[in-house]
Amino acid sequence: MTAKRATDLRDQLRHHAYRYYVLDEPEISDAEYDGLLHELLALEEADPTLVTPDSPTQRVGIAVGDLFVEVTHRARMFSLDNAETGEDLAAWEGRLERQLGRIPSGYACEPKIDGLAISLTYEDGSLTRGATRGDGATGEDVTANIRTVSQIPLALMGSEHPSVMEVRGEVYMSDAAFEDLNRSQAEAGERLFVNPRNAAAGSLRQKDSAVTASRRLGLWVYQLGMAEVGPPQTSHTGTLEWLGSTGLPVNPESRHFDDLAGVVSYVESMERRRHDLGYQTDGVVIKVDDLAEQAELGYTAKSPRWAIAYKFPPEERTTILKAIKVNVGRTGAVTPYAVLEPVFVGGATVTNATLHNADEVARKDVRVGDTVVVRRAGDVIPEVVGPVPSLRSGSEKKWRMPKRCPFCGNPIVRTEGEAVARCTGGFECPSRLREHLFHFAGRGGMDIEHLGFKTVDLLLSEGLIHDAADLFSLDAKDLLGREGWGEVSVGNLMAAIDAARDRPLARVITALGIPLVGGTMARLLARRFRSLDALVAASEAELADLEGVGPEIALSVVEWGADSANRGLVAKLAKAGVRLSDPEPEGVDTALLAGVTVVLTGTLEGLSRDAARAAIEDRGGKVTGSVSGRTSAVVEGANPGSKLAKAETLGVPVLDEAGFALMLEEGLSD
Ligand code: IVH
């Protein structure tokens, strides 16, 4: 009776583990699963003869004696030829056509998983061996560790199994598991893993399989190595389907295409979606789908002729780190960056990559002269992932934060407990000044069109400006006639600068770049103080008393205002005719829109975005950028964006301009 119940429990647990780990569609709760598992554990504990090696209770703690012993693969594990362009794929099809005497009848496509190849042996349906690829002929026995991977069934589902079957697939670590792992490594002060592939490889080579078990590895099976009698399949797609039916995880992104055009569009779509899959892929594997055609095509010494790997442009490459230099930002923060031997990575040539801060350089132990891994993925700024210590010659040099700023020569200091070092040169520092001016003129600040980095650099290097206030006394004559500067471009720039004299106070405050004061905080301060003079005169206590202003921000504002250079700049801006105050809202009920949250979309006829926002905020309302269940109303101007559709789906009231005007007069009726 107990034996029957134990078998029954094992079957149920296998079924639910498959639903959970492989299909990601659990049918029962975690607690119910644990209940079944505990019942089985109790039965097995009471009568150890009931334990079977493939019982779900036996994942961790199996004898590790044979771990890492060399094993010979039953059939060689081949590698793949690569393709990098559509032409490469067409050339491959040309070779296939020549050999077969016809174009193959169809192709199977799968993501190429960036993990490590593994061979799994099942005997009479039970997992008996897991081995790494090694050199293709022999690998290492990692059975004890492989058994801890929840996605890998210890026993196959169904009742008819080949007496011996070997399957191949890729063990990988998901992006989420990788991030969690590195977070806990960092917390424990341990070395971080460079990427998910290295983390997966390291996790599989653990002496203690409990460690592997904690690493949340995954598997996608992509090939049947051999099977001593199995269901007759005529295609790779059919084989994958059959493997899936035994409970092995098969990638749901696998597809069949009748021709190469379908393959090419799959490759393109996979490349676009590669960062949304939740695990790393480095290409697409394309296989001739028909097994008879595969057999006819056969193998070269290295790889099957019937398959090819289309490789995406690599997002990680190694190169030489030639030097470490520093940038000084608009707040004086000094950040190190790597100067690299140019390398083509993630679709672009990279010559510089960020190193974040001095602690990061030390933690990663990157040294000048090192071969380093450089990463550039999607829109992410290129970064140095880490060094390749095995390639060191001994002549590499450790880096230290310079004592003096390379731009102005003033000391660089780092306050205890802060991650960033700062240049103490203030606006004397040309790098800091340049970044400050760029921020001042930028979209979040005074929004001066036509004043980008190049123009800021020109004005500075020609000595036409020395600070932000000088922009307002710029003489058109000084620019006219310079390369790229004709009547029209100079006129545009002068008009844009002139318009910036009349920006709302909140923009001025943001543009000045007070540490910790961003756009939202600047609007709050502008509403409360109405002029820059009043803001600078405010005491720390007065500031900290304001709702939404913490003690750190209060201190930062007071320190900024106490700095004579900043005071000088404010006085100069006032003299240059820049409006440094907002008019008192006349006859406005400052609580009319209390608790009301508004989203603006499209262009309003009579009112700029800034003015519309100010009108709402003057009445105590809030303006946010995206529509949610908490939005009170959406104001629709000309050419509204997707926010309108969102408002309609969520049932948020939509106001036209007349409705908006009414709301400013009378508030929002429920
Ligand atoms: S098929 C004989 N399919 O790529 C064909 N390989 O460069 C065997 N890989 O060592 C390979 N994802 O580790 C195949 N969907 C996939 C794959 C895949 C990743 C790896 C595999 C192999 C390497 C070949």
Side-chain angles (χ1 to χ4, degrees), residues 73-84 88-89 92 96 104 107-120 130-140 142 146 149 151-152 166-174 195-198 200-201 204-205 217-227 235-241 243-244 248-257 263 266-267 269-271 273-274 277-291 293-312 314-316:
H73 296 300
R74 283 187 183 77
R76 217 185 120 181
M77 291 179 78
F78 283 88
S79 64
L80 293 171
D81 275 347
N82 292 336
E84 283 174 10
D88 292 350
L89 291 180
W92 176 58
L96 299 174
Y107 299 99
C109 295
E110 300 148 27
K112 186 172 187 307
I113 314 299
D114 198 8
L116 56 143
I118 202 86
S119 143
L120 303 174
T132 61
R133 175 176 183 275
D135 63 6
T138 57
E140 282 179 329
V142 286
I146 272 295
V149 178
Q151 263 201 332
I152 300 181
E166 195 235 358
V167 291
R168 285 145 187 206
E170 199 86 350
V171 168
Y172 68 95
M173 189 178 281
S174 72
N195 54 35
R197 177 167 33 83
N198 285 10
L204 215 49
R205 294 198 90 273
L217 295 172
L219 171 80
W220 295 125
V221 164
Y222 55 64
Q223 205 80 22
L224 179 61
M226 62 80 69
S235 69
H236 176 69
T237 308
T239 306
L240 287 185
E241 246 165 61
L243 288 171
L248 286 160
V250 174
N251 197 315
E253 300 288 347
S254 310
R255 297 278 182 282
H256 167 94
F257 294 98
V263 170
Y266 178 88
V267 166
S269 119
M270 224 9 110
E271 187 164 0
R273 294 176 47 225
R274 65 183 293 202
L277 298 175
Y279 49 85
Q280 302 283 312
T281 59
D282 54 357
V284 168
V285 179
I286 304 138
K287 299 166 186 170
V288 169
D289 203 3
D290 186 275
L291 296 184
E293 286 173 352
Q294 282 193 5
E296 215 178 318
L297 289 160
Y299 294 78
T300 68
K302 265 184 46 222
S303 47
R305 291 199 188 86
W306 43 264
I308 198 159
Y310 182 97
K311 301 268 276 191
F312 298 145
E315 299 190 320
E316 282 189 7

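Note that ligands are numbered from 1 as they come in the structure, with each ligand's atoms numbered from 1 the same way. Each residue takes its place number in the sequence, starting with 1.
Closest protein heavy atom to atom 15 (N) of ligand 1: Glu110 OE1, 2.8 Å. Remark: minimum distance from atom 11 (C) of ligand 1 to any protein heavy atom is reached at Tyr222 CE1, 3.7 Å. Ranking the protein heavy atoms by distance from atom 12 (N) of ligand 1 puts Ile113 N, 3.0 Å first. Considering only non-hydrogen protein atoms, atom 4 (O) of ligand 1 sits nearest to Lys112 NZ, 3.1 Å. Among all non-hydrogen protein atoms, the one lying nearest atom 13 (O) of ligand 1 is Glu170 OE1, 2.5 Å. Shortest contact from atom 7 (O) of ligand 1 to any protein heavy atom: Leu80 N, 3.6 Å. With respect to atom 2 (C) of ligand 1, the closest heavy atom belonging to the protein is Pro304 CG, 3.5 Å.
The two residues Tyr266 and Arg255 have their closest heavy-atom pair at CE1-CG, 3.6 Å. Here the closest non-hydrogen pair linking Glu110 and Ser254 is CG-OG, 3.6 Å.
At a cut-off of 3.5 Å, with distance as the only test, a side-chain donor of Glu316 or Asn195 sits close to an acceptor on the other residue.
A donor-acceptor pair is defined here as one N or O able to donate and one able to accept, closer than 3.5 Å; such a pair exists between the side chain of Arg305 and the backbone of Leu297. Not one N or O on the side chain of Thr132 forms a donor-acceptor pair closer than 3.5 Å with the backbone of Gly139.
For Pro111, the heavy-atom gap to ligand 1 drops under 4.0 angstrom. Every heavy atom of Ala309 sits 4.0 Å or more from the atoms of ligand 1. Between Lys287 and ligand 1 there is a heavy-atom distance shorter than 4.0 Å.
Using a 4.5 Å heavy-atom threshold, the side chains of Ile146 and Val171 count as touching.
Test Trp306, Tyr310, Trp92 against Tyr107 for ring pair (Phe, Tyr, Trp, His ring centres under 6.0 Å) and you get one pass: Trp92.
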